[in-house]
Amino acid sequence: MAAFLSFIVCVFFVASGLFALNAQQQFKDGDLDLLYELKKAEIIPTVFDEFKPQVSISVQWANASAEYGNTINPSRTQKEPKIKLIDSTPSFWSDGKKPQLTVALTDPDAPSRDNPEWSEICHWLTTDVDLRKPDHDDDDDEEDLISKAIRMLNSDVMPYKPPGPPPKTGKHRYVFVALMPKNGTTDSLHLEKPGDRQHWGYKHERNGVRMWAEDMGLEVIGANFIYEQNDEQ
């Protein structure tokens with residue numbers, strides 16, 4: 001009887017190990033690195049829960065870019081950056097249709113990481129994002145300037161507010177979040193503007209993009225982040 005029980009226990013642990021290995025294999029190495037960085041920075045679970053990455057977010061200012069936790073001087077991020085979502089999965093391209101994607105920028109460290117009583121602060125909500133294949137050539141784009149201007153004019157749910165960490169508040173995490181409809185619809189979305197930048201209008205500390213996305217029926221599919229701090233510390 002004891003031998004039989006030992007055999008059952010061994011089978012259980014082997015099966016558990018294979019299950020865990022299979023779950024890990026669902027993520028690519030780059031995805032695991034991203035989740036590791038998000039957890040190390042405590043963005044998971046503070047800002048959003050763990051998710052399966054489906055896109056990577058390219059964020060480019062004139063003289064800086066977001067590189068999963070690099071530190072940038074606030075003077076370099078005063079103008080709205082260019083956002084591109086790089087899709088390495090076939091899901092968005094199977095029938096030629098794309099879901100409407102949204103990118104949010106939120107600060108969970110307002111006024112400081114030690115005292116986040118104003119958090120989160122909504123810095124940006126935009127649907128002006130390009131979904132690209134990894135091998136996409138920008139020279140292939142043929143959108144005329146008038147059409148692009150109209151698209152950009154109608155794309156910002158909440159206009160870009162540049163990061164501006166107050167003096168003596170240490171480093172702030174500024175988190176870019178890519179969102180898509182949970183139900184996978186390719187119809188145009190009618191997204192509601194948050195009630196306020198502070199707490200995203202939800203009135204309580206730590207309220208923010210997670211609650212807004214839930215209300216809008218959206219889920220996280222990608223993320224990126226930077227650190228910034230005021231020169232006066």
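The residues of the chain are indexed from 1 along the displayed sequence.
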Gap between atom [atom2] of [Y] and atom [atom1] of [X] - 0.5 Å precision:
X: T169; Y: E228; atom1: OG1; atom2: CD; value: 11.0 Å
X: H123; Y: T77; atom1: NE2; atom2: OG1; value: 9.5 Å
X: I43; Y: N224; atom1: CD1; atom2: CG; value: 9.0 Å
X: L101; Y: I83; atom1: CG; atom2: CD1; value: 12.0 Å
X: L131; Y: K98; atom1: CG; atom2: NZ; value: 5.5 Å
X: Q78; Y: W61; atom1: CD; atom2: CH2; value: 10.5 Å

Which residue in the set L125, L85, L179 passes side chain to side chain contact (heavy atoms under 4.5 Å, CB included) when paired with V103? L85

Side chains of [X] and [Y] only: does a donor on one sit below 3.5 Å from an acceptor on the other?
X: N73; Y: S75; result: yes
X: Q100; Y: T127; result: no
X: W200; Y: T106; result: yes
X: S119; Y: E205; result: no
X: D215; Y: Y202; result: yes
X: T71; Y: K171; result: yes

Is any side-chain heavy atom of [X] closer than 4.5 Å to a side-chain heavy atom of [Y]?
X: K168; Y: N230; value: no
X: P74; Y: P165; value: yes
X: P81; Y: W124; value: yes
X: V209; Y: V47; value: yes
X: D87; Y: Q54; value: no
X: L35; Y: D33; value: no

Run the ring pair (Phe, Tyr, Trp, His ring centres under 6.0 Å) test against [X] and tell me which residues pass, sequence neighbours left out.
X: H199; value: none
X: Y68; value: none
X: F48; value: F51

Report yes or no: does R206 contribute a side-chain atom to a donor-acceptor pair with the main-chain N or O of T46 at less than 3.5 Å? no

Donor-acceptor under 3.5 Å (Q233 side chain, G170 main chain):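 The answer is yes, because a donor-acceptor pair under 3.5 Å joins these two groups.
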
Please name the residue in the list R113, H172, K161 that meets the side chain to side chain donor-acceptor pair (under 3.5 Å) test with D107.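 When side chain to side chain donor-acceptor pair (under 3.5 Å) is applied between D107 and each of R113, H172, K161, only H172 qualifies.
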
Linked, directly or transitively: W118 and M211 (ILVMFWY side chains, under 4.5 Å):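 Not linked; separate clusters.
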
Joint hydrophobic cluster, I121 plus V157, side-chain heavy atoms closer than 4.5 Å: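 Unlinked, I121 and V157 end up in two clusters.
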
Side chain to side chain donor-acceptor pair (under 3.5 Å) filter on R210, not counting sequence neighbours, yields D49

Those residues that, when tested against E67, pass salt bridge (charged side-chain N to carboxylate O under 4.0 Å, His left out) (two or more places apart):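 So E67 forms no salt bridge (charged side-chain N to carboxylate O under 4.0 Å, His left out) with any residue.
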
Sequence-distant partners of R76, salt bridge (charged side-chain N to carboxylate O under 4.0 Å, His left out), two or more places apart: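 Applying salt bridge (charged side-chain N to carboxylate O under 4.0 Å, His left out) to R76 gives none.
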
Are Y227 and F225 an aromatic pair, judged by ring center distance below 6.0 Å? yes

Test log, rule side chain to side chain contact (heavy atoms under 4.5 Å, CB included), inputs L105 and Y160: CA-CA 9 Å; L105 173 59; Y160 181 70; 3.9 Å; yes

Is atom NZ of K182 surrounded by more than 12 heavy atoms (other residues, nucleotides or ligands) closer than 6.0 Å?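 Result for NZ/K182: enclosed.
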
Check the surroundings of atom CD in Q60: do more than 12 heavy atoms from other residues, nucleotides or ligands lie under 6.0 Å from it?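 Count over threshold, so yes.
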
Tell me the closest heavy-atom pair linking [X] and [Y], and the distance in Å.
X: R173; Y: P108; value: O-CD, 2.9 Å
X: L189; Y: P181; value: CD1-CG, 3.8 Å
X: I72; Y: S65; value: CD1-O, 3.5 Å
X: N115; Y: P111; value: O-CD, 2.9 Å

Please evaluate residues Q198 and K203 with respect to the criterion side chain to side chain contact (heavy atoms under 4.5 Å, CB included), reporting the C-alpha separation (whole Å), side-chain torsions for both, the decisive distance (0.1 Å), and the verdict. CA-CA 8 Å; Q198 185 169 311; K203 302 185 183 303; over 6 Å; no

Quick one: do L191 and W212 satisfy side chain to side chain contact (heavy atoms under 4.5 Å, CB included)? Show the steps, please. CA-CA 10 Å; L191 302 177; W212 181 85; 4.1 Å; yes

